[in-house]
Asker: 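Structure incoming, see below.
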Amino acid sequence: MTWYRKLLWLPVLALVLGACAQTQQTELGEPSDDVSAYLSSVADVESTVEDSFDQVSDALAISYNTREVMFTAIRDVGYEAVVESALTQAEAINPAEGYVADHEAWLAHRLLATEKTVELTEALDAEDLQMMFAAFSVLDQDWAAVLRVSRREFCVAVSEFSALCQAPHDLPGGDYGAEVYEVLRLNTLATFGLFNFFGDMTPEERSLRLDEVQPQIESSLRAGGDAMKAIDPPDEYEVEHQALIRFFDDQYANAVAITQANSERDDATVLELFRASGVVFDVALKEMSDEYREIAAPWIGPEPTN
């Protein structure tokens, strides 16, 4: 998760929400030295970006989350310099054999991050949360597109949350587990960055944000439920599978209600429905065994509610 995703994950009012590719291998089944060195270099670039913006997350974690705190923290890290440095470092890396497509998609994302500096600087100067969220959503959705098709090894190198990557070989549940994992992974990526609502937003800002994101959120929730209903679970996973179906059905109904309340500019009901969405998630999560949580990891997220 790059810095803007980490930033938005912490202080939000959120709705809450295949086979793995093979790397170049030696006879022992380990990545070759060239591949290991390449993936390490890529990971170092992303780690530098992450480390540079940990202070933004820290500032929001220790203080009341006002827009002043957020904008000041982002200014202090020097967004433009960080992303330009990351792009320069990324461009100096030669991709290992078999990773050219992953590398080019990553470079394109790093370039997009630099191109967004004008818009984000304008948002910071105006302290315009709506403009900033819109820019971050574009970056999040582009990042999701990179992770969606990347080899697992590359994805793990650039993402802090490996469950956004293709399934590991040792995932429980065999073909069923892999199929559910991929449905949940793609569903999560489809709405990546859209569930973020800063607590200090005004009702009007929140309403405009919902106008932008709700159509895609509703579509994704409906598609996720349909995909889960099309899968026939083995007996040992029936309870968890039905819990996920109920989650998608209930969350879709909740999203439709949010859209309706927002169209009426009923902010109190919107906030009540936000909280209800968290309850829907918690109820479904309580049905998950430890084993099934591995299968549902893309849906659970990096910091599950217990």
Side-chain angles (χ1 to χ4, degrees), residues 1 5 14-21 137 140-152 155-156 159 161-196 213-259 273 276-302 304-305:
M1 163 190 356
R5 282 173 288 280
L15 296 186
V16 195
L17 154 77
C20 105
S137 290
D140 279 329
Q141 288 286 290
D142 186 73
W143 187 242
V146 173
L147 301 186
R148 186 177 296 116
V149 298
S150 295
R151 288 175 176 237
R152 176 172 172 82
C155 179
V156 170
S159 175
F161 182 41
S162 64
L164 293 176
C165 306
Q166 295 176 8
H169 290 296
D170 58 352
L171 189 71
D175 291 342
Y176 166 79
E179 188 174 6
V180 170
Y181 181 101
E182 187 66 0
V183 166
L184 298 177
R185 184 180 83 93
L186 295 180
N187 189 265
T188 298
L189 291 173
T191 55
F192 209 41
L194 303 186
F195 287 110
N196 301 317
V213 302
Q214 278 299 102
Q216 189 169 342
I217 288 172
E218 287 185 23
S219 176
S220 179
L221 287 170
R222 183 170 53 198
D226 289 345
M228 289 299 298
K229 291 170 187 175
I231 299 172
D232 185 23
D235 290 344
E236 61 265 35
Y237 295 131
E238 179 70 28
V239 171
E240 289 100 332
H241 191 90
Q242 293 304 317
L244 280 175
I245 289 176
R246 286 193 299 273
F247 165 82
F248 278 108
D249 286 348
D250 291 349
Q251 209 71 310
Y252 172 69
N254 206 53
V256 171
I258 287 172
T259 298
L273 290 167
S277 294
V279 173
V280 170
F281 174 79
D282 290 343
V283 168
L285 185 61
K286 288 178 181 177
E287 298 286 342
M288 305 293 164
S289 64
D290 289 343
E291 181 175 291
Y292 202 89
R293 289 185 185 212
E294 295 182 49
I295 297 172
W299 168 77
I300 293 173
T305 302

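Only this structure's heavy atoms are used, side chains among them; waters, hydrogens and symmetry mates stay out.
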Asker: Please work out whether the ring planes of Tyr176 and Tyr237 are parallel, tilted or perpendicular, with thresholds of 30° and 60°.
Answerer: parallel
Asker: Give a yes or no on whether the backbone of Pro172 and the side-chain of Glu291 come within a donor-acceptor separation of less than 3.5 Å.
Answerer: no
Asker: Take Val280 and Asn254 through the side-chain contact (heavy atoms from CB on, under 4.5 Å) test and state the conclusion after the steps.
Answerer: CA-CA 9 Å; Val280 170; Asn254 206 53; 5.6 Å; no
Asker: Is there a donor-acceptor pair under 3.5 Å between the side chain of Thr188 and the backbone N or O of Leu184?
Answerer: yes
Asker: Does Asp249 reach the main-chain N or O of Gly225 with its side chain, forming a donor-acceptor pair under 3.5 Å?
Answerer: no
Asker: Is Glu287 reaching over with its side chain to a backbone N or O of His241, donor-acceptor style, under 3.5 angstrom?
Answerer: no
Asker: Atom CD of Gln242 and atom NZ of Lys229: how far apart are they, to the nearest 0.5 Å?
Answerer: 9.5 Å
Asker: So, Arg185 side chain and Ala297 main chain: donor-acceptor pair closer than 3.5 Å or not?
Answerer: no
Asker: First locate atom CZ of Phe161, then atom SG of Cys155, and finally report the distance between them rounded to the nearest 0.5 Å.
Answerer: 10.5 Å
Asker: Looking at every non-hydrogen atom in both residues, tell me the closest pair between Ala284 and Phe247 and how far apart they are.
Answerer: CB-CB, 3.9 Å
Asker: Taking all atoms of both residues into account, what is the closest heavy-atom pair of Gly177 and Ile295, and its distance?
Answerer: O-CG2, 3.6 Å
Asker: Output yes when a side-chain donor or acceptor of Ser220 lies under 3.5 Å from a complementary backbone atom of Gln216, and no otherwise.
Answerer: no
Asker: Closest approach of Pro233 and Glu238, non-hydrogen atoms and distance?
Answerer: CG-OE1, 3.2 Å
Asker: Roughly how far apart are Glu218 CD and Tyr252 OH, rounded to 0.5 Å?
Answerer: 5.5 Å
Asker: Could you verify whether a donor N or O on one side chain and an acceptor N or O on the other, from Glu240 and Ser289, lie under 3.5 Å apart?
Answerer: yes
Asker: Side chain of Gln166, backbone of Ser150: donor and acceptor closer than 3.5 Å?
Answerer: yes
Asker: Between CE of Met228 and CD1 of Ile245, what distance do you get to the nearest 0.5 Å?
Answerer: 6.0 Å
Asker: Within this structure, what is the CD1-OG1 distance for the pair Ile217 and Thr259, rounded to the nearest 0.5 Å?
Answerer: 8.0 Å
Asker: Of the non-hydrogen atoms in Ser159 and Leu164, which two are nearest, and what is the gap between them?
Answerer: OG-CD1, 4.2 Å
Asker: Before giving the answer on side-chain contact (heavy atoms from CB on, under 4.5 Å), spell out for Leu285 and Arg293 the whole-Å C-alpha distance, their side-chain angles and the decisive distance to 0.1 Å.
Answerer: CA-CA 8 Å; Leu285 185 61; Arg293 289 185 185 212; 3.9 Å; yes
Asker: Considering all heavy atoms of both residues, which atom of Ile231 and which atom of Val180 are nearest to each other, and what is their separation?
Answerer: CD1-CG2, 4.0 Å
Asker: With heavy-atom distances below 4.5 Å as the criterion, would you say the side chains of Leu244 and Met288 are in contact?
Answerer: yes
Asker: Find the distance between CZ (Arg148) and SG (Cys165) and round it off to the nearest 0.5 Å.
Answerer: 13.0 Å
Asker: Side chains of Trp143 and Leu189, heavy atoms from C-beta outward: is any pair under 4.5 Å?
Answerer: no
Asker: Do Gln214 and Leu194 come close enough that some side-chain heavy atom pair is under 4.5 Å?
Answerer: no
Asker: Keeping Glu182 on the side-chain end and Ala167 on the backbone end, is there a donor-acceptor pair under 3.5 Å?
Answerer: no
